2 protein chains.
Amino acid sequence: MNMHITRKVDYAVRCVLFLARNNDRISSVDEISGEMSVPKTFLAKILQRLMKTGIVNSTRGVKGGFQLARGPQEISLLNVVEAIDGAVAMNVCAVDKKMCGFSASCSVHPVWVELREDIRNRLKRWDFAKLAVIKKYQRVIKRDCH
Amino acid sequence: MNMHITRKVDYAVRCVLFLARNNDRISSVDEISGEMSVPKTFLAKILQRLMKTGIVNSTRGVKGGFQLARGPQEISLLNVVEAIDGAVAMNVCAVDKKMCGFSASCSVHPVWVELREDIRNRLKRWDFAKLAVIKKYQRVIKRDCH
DNA sequence: TTTAAATAGGACTAATTTAGTCCTATTTAA
DNA sequence: TTAAATAGGACTAAATTAGTCCTATTTAAA
């Protein structure tokens, strides 16, 4: 069970957190990547994904950049995680039984299904309005802890 | 967030499940790997690990093999998962804050800690006595669903 | 209308992790 | 003594992650 979050998810979360805290204006990739210590071109990709999944809006051209597509309280951690990684699950059968000929007779299957629900519920409970007020990220440190 | 279980964990779980169902005797790697559709040499490594972490006992030599080191009801899914993958966590900071200079000021940190506890609790609740009685694995299918 | 600052997106590469294999040594029942 | 088993180190292959790089497009402002 490799349950570590990927950098991609970590970066996406940081990024949305930054946008939540600066939602009165448009922020460029350059600015976000600088503030949140994320490689610029990589962050650009991540923002494209967040854009496609309707979490952020983009403005092209000079003075362009990104902004949350809806209020921070309307964006859950689960939204961001699933935007980047797709469906959260320990294995595909927990999402769709049909993906696994085994599942019908697999003793462990119900456990993975439960676990998936636990995780999704927990991630659903946290929105970026809540997260944004907890404490500010420090800018000194280059990378996070996974 | 890559939360898929690894084959290693999947194999380990299947393997312990098999041993739980045949705990009246010693089973060889050859037998288990055949019955549970797991590559033999790889399974041998996994069993070595389960051995070191005190989940199974081994007997060497002719008629040797493996057996659970304690009753199936004394072995949780968490035991097996952590035996193979080490501490269950979304990131190292949730296990030990010191691993991340960031965590003290990281808004998301408390979420990962909560989530880790959710997952561990769920996995702790399932033991192999419970799992063993649910239903038998079918032998036809070659691999599981992650 | 040109320019420069920005996003969009495809194609590629490097690094890391996962999933194994292979070989030799050791143990032990028959 | 032999053959069937585990023990364990070293190695390799495949897959995934974590990026980079380049070109195209958009748009505010000079």
Side-chain angles (χ1 to χ4, degrees), chain A residues 1-15 19 25-34 36-67 69 81 84-86 90-92 142-144 146, chain B residues 1-15 19 25-34 36-67 69 81 84-86 90-92 142-144 146:
Chain A
M1 179 142 31
N2 172 2
M3 292 198 304
H4 288 67
I5 57 169
T6 56
R7 280 200 207 290
K8 230 173 182 168
V9 165
D10 175 44
Y11 292 163
V13 169
R14 286 203 226 177
C15 175
L19 291 175
R25 60 189 178 81
I26 285 177
S27 311
S28 71
V29 173
D30 224 33
E31 186 193 358
I32 306 169
S33 93
M36 303 315 267
S37 308
V38 175
K40 188 181 163 181
T41 59
F42 197 35
L43 181 61
K45 295 293 187 194
I46 291 166
L47 276 159
Q48 277 178 32
R49 186 100 205 95
L50 292 174
M51 168 77 188
K52 276 184 185 161
T53 49
I55 291 172
V56 304
N57 286 331
S58 76
T59 312
R60 297 179 67 163
V62 179
K63 305 224 165 170
F66 297 87
Q67 217 168 359
V81 168
I84 300 300
D85 275 357
M90 307 310 288
N91 41 31
V92 295
K142 292 300 173 217
R143 62 158 71 171
D144 97 320
H146 64 273
Chain B
M1 181 141 30
N2 173 2
M3 293 198 304
H4 288 67
I5 57 169
T6 57
R7 280 200 208 289
K8 230 173 183 167
V9 165
D10 175 44
Y11 292 161
V13 169
R14 286 201 226 177
C15 175
L19 292 176
R25 59 189 178 81
I26 285 178
S27 311
S28 70
V29 172
D30 224 33
E31 185 192 358
I32 306 170
S33 94
M36 304 313 267
S37 307
V38 175
K40 188 183 162 180
T41 58
F42 197 35
L43 181 61
K45 294 295 184 191
I46 291 166
L47 276 159
Q48 277 178 31
R49 186 102 205 94
L50 292 173
M51 167 78 187
K52 277 185 186 161
T53 49
I55 292 171
V56 303
N57 285 332
S58 76
T59 313
R60 296 178 70 164
V62 178
K63 304 225 168 169
F66 297 87
Q67 217 169 359
V81 168
I84 301 299
D85 275 357
M90 308 309 289
N91 40 33
V92 294
K142 291 301 172 217
R143 60 156 73 169
D144 99 320
H146 64 272

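Lettering of chains follows the sequences in order, A, B, ..., and the numbering in each one begins at 1. As the structure is a prediction and not an experimental result, all values here were calculated from the model.
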Non-hydrogen side-chain atoms of Val38(A) and Cys15(A) separated by less than 4.5 Å: no
Just N and O in the side chain of Tyr11(B): are any of them under 4.0 Å from OP1 or OP2 of dA19(C)? no
Is the distance from OP1 or OP2 of dA8(C) to the nearest side-chain N or O of Ser58(A) less than 4.0 Å? yes
Between Leu43(A) and Val29(A), what is the shortest heavy-atom contact and its length? CD2-O, 3.9 Å
With the side chain of Met51(A) defined as its heavy atoms from C-beta on, choose the nearest nucleotide among dT20(D), dT6(D), dA8(C). dA8(C)
Can you check nucleotides 22-26 of chain D for protein contacts, nitrogen or oxygen pairs under 3.5 Å, and list what you find?
| from | atom 1 | to | atom 2 | distance (Å) |
| --- | --- | --- | --- | --- |
| dT25(D) | O2 | Arg60(A) | NH2 | 2.8 |
| dT26(D) | O2 | Gly61(A) | N | 3.3 |

Using a 3.5 Å limit for the pairing distances, which stems of at least 3 consecutive Watson-Crick or G-U wobble pairs does DNA chain C take part in? C:1-30 with D:1-30
Kindly indicate whether the side chain of Leu19(A), heavy atoms from C-beta on, has any atom under 4.5 Å from the side chain of Ile55(A). no
Leu47(A) vs Phe42(B), nearer the 5' end of DNA chain C by closest nucleotide: Leu47(A)
Minimum-distance nucleotide to Lys8(A) side chain [options: dA8(C), dA18(D), dA29(C)]: dA18(D)
Who passes side chain to side chain donor-acceptor pair (under 3.5 Å) against Glu31(B), sequence neighbours left out? Arg25(B)
Enumerate the residue pairs fulfilling side-chain hydrogen bond (donor to acceptor under 3.5 Å, both in side chains) with a member in residues 40-62 of chain A, sequence neighbours excluded, ordered by first and then second residue. Asp30(A)-Lys40(A)
Are OP1 or OP2 of dT17(D) and a side-chain N or O of Arg7(A) less than 4.0 angstrom apart? no
Please produce a list of atom pairs where a protein N or O lies less than 3.5 Å from an N or O of nucleotides 10-14 of chain C.
| from | atom 1 | to | atom 2 | distance (Å) |
| --- | --- | --- | --- | --- |
| dG10(C) | N7 | Lys45(A) | NZ | 3.0 |
| dG10(C) | O6 | Lys45(A) | NZ | 2.4 |

Taking the nucleotide of DNA chain D with the closest heavy atom to each, which residue, Thr59(A) or Asp30(B), is nearer the 5' end? Asp30(B)
Among the candidates dA30(C), dT20(D), dA6(C), find the nucleotide nearest to the side-chain atoms of Ser28(A). dA6(C)
